[in-house]
Every structure is written in C-alpha cells, then in structure tokens.
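First comes the structure, then the notes that go with it.
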Number of protein chains: 2
Amino acid sequence: MSPRSGARSGVDGRKVRGEKRRAEIIEATLRVIERDGVAGVTHRTVASEAGIPTASTTYHFATLDELLIATLLTGAKDMATEVYWMIDHVRSHGRRAAAEIAALIAHALGPQRGRTMAEYELYLLAARRPSLRPAARRWLDVLTSMVRHDDEVAFRVFLAAIDGLLIQGLIDDESPRAADLEPVIAALLRSAGQSS
Amino acid sequence: MSPRSGARSGVDGRKVRGEKRRAEIIEATLRVIERDGVAGVTHRTVASEAGIPTASTTYHFATLDELLIATLLTGAKDMATEVYWMIDHVRSHGRRAAAEIAALIAHALGPQRGRTMAEYELYLLAARRPSLRPAARRWLDVLTSMVRHDDEVAFRVFLAAIDGLLIQGLIDDESPRAADLEPVIAALLRSAGQSS
DNA sequence: TGGATATTGGGACTATCGTTCAGGTAATTT
DNA sequence: AAATTACCTGAACGATAGTCCCAATATCCA
C-alpha cells in the first residue's frame with residue numbers, strides 16, 4: 001500500500017521517515033531519464049541507481065506512472081526556475097539580454113544536455129497521458145501568470161521560440177555556441193520580448 | 001539474417017519482393033507510434049498491426065533500432081512537406097498568412113494530433129541516438145536551404161516558434177482553436193516572417 | 001526443369017518487466 | 001513496556017519482451 005493511503009500518525013508532517021526515500025527515488029529516476037531516457041525507467045533500474053532494493057520503489061510509488069508523475073512534478077519547478085531567470089535577464093539587462101539568454105540556452109544544450117532531453121521527454125509523455133498534463137502545464141501557467149495581460153501574445157511567442165530552439169538544438173551533433181544563438185535571440189527579443 | 005547482410009542474387013535491385021513487405025512494416029510502425037507512442041513499438045505489435053507474423057519483422061529489420069531508423073527516414077519527408085506548405089502560405093497569402101498558418105497548426109494539433117506526437121517522439125529519439133540525427137535534421141536543412149541568406153535569422157525564429165507552439169499545444173486538454181492561435185502567429189510574422 | 005536463394009511463418013528460448021507478498025525492523029503512541 | 005503502525009526488503013509469479021531457429025514456400029537464374 002502506498003504510504004499516502006492509510007496511516008498518518010496524528011498530524012500530517014509526521015511521516016518524515018519515508019519522505020526522504022521518496023525524494024531519493026525521484027532524484028534517481030531523473031538521473032535514469034537523463035542517461036537512458038524515459039524508456040529506461042523501470043522499477044529495477046531506478047532502484048539500482050538509488051542503491052536501494054527494488055521493492056522499495058514499488059512501496060513508495062505503487063505504479064510506474066505514479067513515479068513518473070512525481071518526477072515530472074518535481075522537475076517542473078526546476079524548469080520554471082530556469083525560464084524565470086531568462087525573463088529576469090530580459091527585464092534587468094536590457095540590451096545585454098540576448099547574450100545572457102543565448103548563454104543560458106547554450107548551457108542547457110551543452111553541459112545540461114541530458115537534463116534538457118529528460119525534461120522534453122517527460123513533456124511529450126504528458127502529451128500522451130492525460131494524468132501527467134496538469135503537472136506539465138503547471139510551469140507554463142506559472143510563467144504566463146507573471147506577465148502583464150497586454151503582453152500575453154508576445155510572451156507566448158517568446159516561450160514558443162525558446163522551446164523550439166532548445167528542441168532543435170538537441171539534434172545538432174555539436175552543441176550550438178552562444179555566439180551563434182545570440183542573433184536569433186536578439187531578433188526574437190526585438191519584437192516579442194522588449195515590452196515584457 | 002537481414003536481407004542486406006547476405007545473399008543478393010547477382011545485382012542489387014533484384015530483391016523487389018521483400019521491398020513491399022519492408023514498406024508495409026514501416027507504415028505499420030508509424031501507425032503504432034501514432035497510437036501508442038515509440039514505447040509501444042515492439043516486433044509483435046508492429047507485426048500484429050501489419051497482419052504478418054512476428055518473425056517477418058525481425059527478418060527485414062534485424063533489430064528494433066533498425067526499424068525505427070527506417071521509420072524516421074520515411075517520416076522525415078512528410079514533416080518537411082508540411083512545413084513547406086506553411087512557408088508557401090506566408091509568401092503567397094501575405095496578410096492572410098497568419099490565419100492560414102494558424103489553421104494548419106490547429107489541424108496538426110487536432111485531427112492530426114497522433115501524427116504530430118509521433119513526429120516529435122521520433123525527433124527526441126534522434127536527440128538521444130546519433131545514428132538517427134541526420135535523418136531528423138534533414139528536413140530542417142532542406143527548409144533552411146531554401147531561404148535567402150539575409151533572412152536566415154528571421155527564419156530560424158519562425159521555425160523555432162512553430163515548433164514550440166506545436167509542442168505546447170500537445171499538452172493542452174483540448175486542442176487549441178485556430179482563432180486563438182492567430183494573434184500569436186500574427187505577432188510572430190510581424191517581425192520574423194514578413195521578409196521571407 | 002532443377003537447384004539455389006530470398007522470403008515466409010510458426011514456435012520456442014531466455015531475459016526482463018511490473019507487481020505482489022510475507023515476514024522482518026524501527027519508530028511512535030498509549 | 002507493549003502494541004500499533006509506518007517502513008523496509010528478499011523472493012517469487014505471471015506476462016511480455018527481443019531474438020533466434022528451422023522447416024515450408026515462393027521466386028529466379030541456368
């Protein structure tokens with residue numbers, strides 16, 4: 001049985017013992033996805049990555065879907081944080097924003113390449129499984145909610161273009177350099193991002 | 001053994017008999033991906049979808065990877081054709097382009113939703129497996145090669161934004177309506193697409 | 001026509017999968 | 001301290017996976 005189904009001793013925050021395991025399992029899952037993709041996620045590979053017995057993963061996450069949902073929810077926060085930084089750069093750095101954002105994208109496609117792939121794989125999984133969609137859409141909603149209403153259209157263009165650049169960058173043999181991305185970002189900001 | 005590994009009777013183009021089967025198997029694979037995703041692709045599901053015995057798929061495609069590569073190569077042409085239509089609309093319809101493109105995207109996210117998902121799943125698969133990348137990048141290269149050099153930056157913004165809109169549309173509960181997409185496309189064209 | 005070869009198709013072998021279960025340990029409450 | 005409950009874990013079950021093997025068949029060149 002899942003620890004959430006029964007048995008909470010009194011207050012809510014008392015089941016601290018298992019929460020640490022849950023977090024470890026989720027982190028291990030993310031590492032597995034970075035390395036082998038969503039296809040490589042099994043109870044056994046995750047348990048092995050976390051260095052715990054197999055049955056422990058099935059105890060905290062009754063089904064694989066449940067594990068993936070939790071992983072996506074956890075990852076969504078990180079994704080949102082990343083894009084939030086971009087927006088912050090646009091607002092504070094003004095003209096330098098293009099260079100800053102280009103560097104962030106280059107970083108996501110270079111050193112963080114595995115992580116970026118993992119995020120988009122979970123994203124696509126959400127497209128196919130309705131139960132994952134709220135989790136996947138959350139970070140988009142969060143971002144959208146923090147721009148003024150009259151900028152919503154421009155903001156959507158900005159987000160879509162960033163998504164597209166990241167995805168297209170994933171199938172390049174060598175990671176794109178920030179210098180190559182900068183003119184594209186500049187053109188994007190010139191129309192869509194300047195007023196946000 | 002794969003038909004390519006041994007046994008060719010003299011010349012190369014003599015193995016016409018099996019080519020039809022190969023095509024059938026690839027088409028069945030694409031249908032399986034549309035319905036169940038890349039994760040649903042197994043020798044057995046593909047064979048069942050094509051109405052042929054299981055061993056026939058392993059005969060023509062020794063490994064599952066080989067089958068996926070062939071499927072991606074076949075599908076790449078269709079994807080390129082679709083985006084080419086969009087560009088054509090921009091050039092010929094002028095001011096109406098936004099509405100036309102919005103309709104195309106709404107169509108890709110509505111009736112063609114399964115197909116669109118399949119394309120992006122194969123796309124992400126290419127990000128993870130270098131052997132698939134040339135096939136995935138081919139259509140992008142083809143598109144990029146047919147715009148003037150001074151428009152390249154604007155064109156990249158355009159393509160990236162389209163990609164992003166499609167992906168984000170995939171995780172919406174109900175497919176976005178063309179009317180909702182049109183202002184976004186219009187804003188995009190206003191800056192990036194008008195000169196291409 | 002006859003032999004060589006490409007192709008088909010049914011079945012089977014082995015590995016791994018998700019999930020379950022039963023018995024144990026550690027913490028928490030009374 | 002006793003009991004209750006969360007938590008842990010090794011083993012196992014049934015299902016399904018990839019791939020292989022071998023006999024049967026269709027096709028083609030000589």
Does A:Tyr59 put a side-chain nitrogen or oxygen below 4.0 Å from OP1 or OP2 of D:dC8?
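Checking A:Tyr59 against D:dC8: no side-chain N or O falls below 4.0 Å of OP1 or OP2.
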Can a donor-acceptor pair be found between the side chains of [X] and [Y] at a distance below 3.5 Å?
X	Y	answer
A:Ser56	A:Arg21	yes
A:Thr42	A:Thr45	yes
A:Asp163	A:Tyr120	yes

May I ask you to decide whether B:Glu152 forms a salt bridge with B:Arg156, counting only side-chain N to carboxylate O separations under 4.0 Å?
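Between B:Arg156 and B:Glu152 there is no salt bridge, as every charged N stays at least 4.0 Å from the carboxylate O atoms.
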Check the distance between D:dT25's C1' and B:Arg21's CZ and give it to me in whole angstrom.
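Rounded to whole Å, this separation is 12 Å.
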Could you state the atom-to-atom distance from CD1 of B:Ile25 to P of C:dT7 in whole Å?
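Result: 11 Å.
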Partners of A:Asp65 by side chain to side chain donor-acceptor pair (under 3.5 Å), sequence neighbours excluded?
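Only A:Arg129 meet the side chain to side chain donor-acceptor pair (under 3.5 Å) criterion with A:Asp65.
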Give the B/S/- string for nucleotides 17-22 of chain D, one per nucleotide from 5' to 3', where a protein heavy atom under 4.0 Å of the base yields B, of only the sugar-phosphate yields S, and otherwise -.
BBBBB-
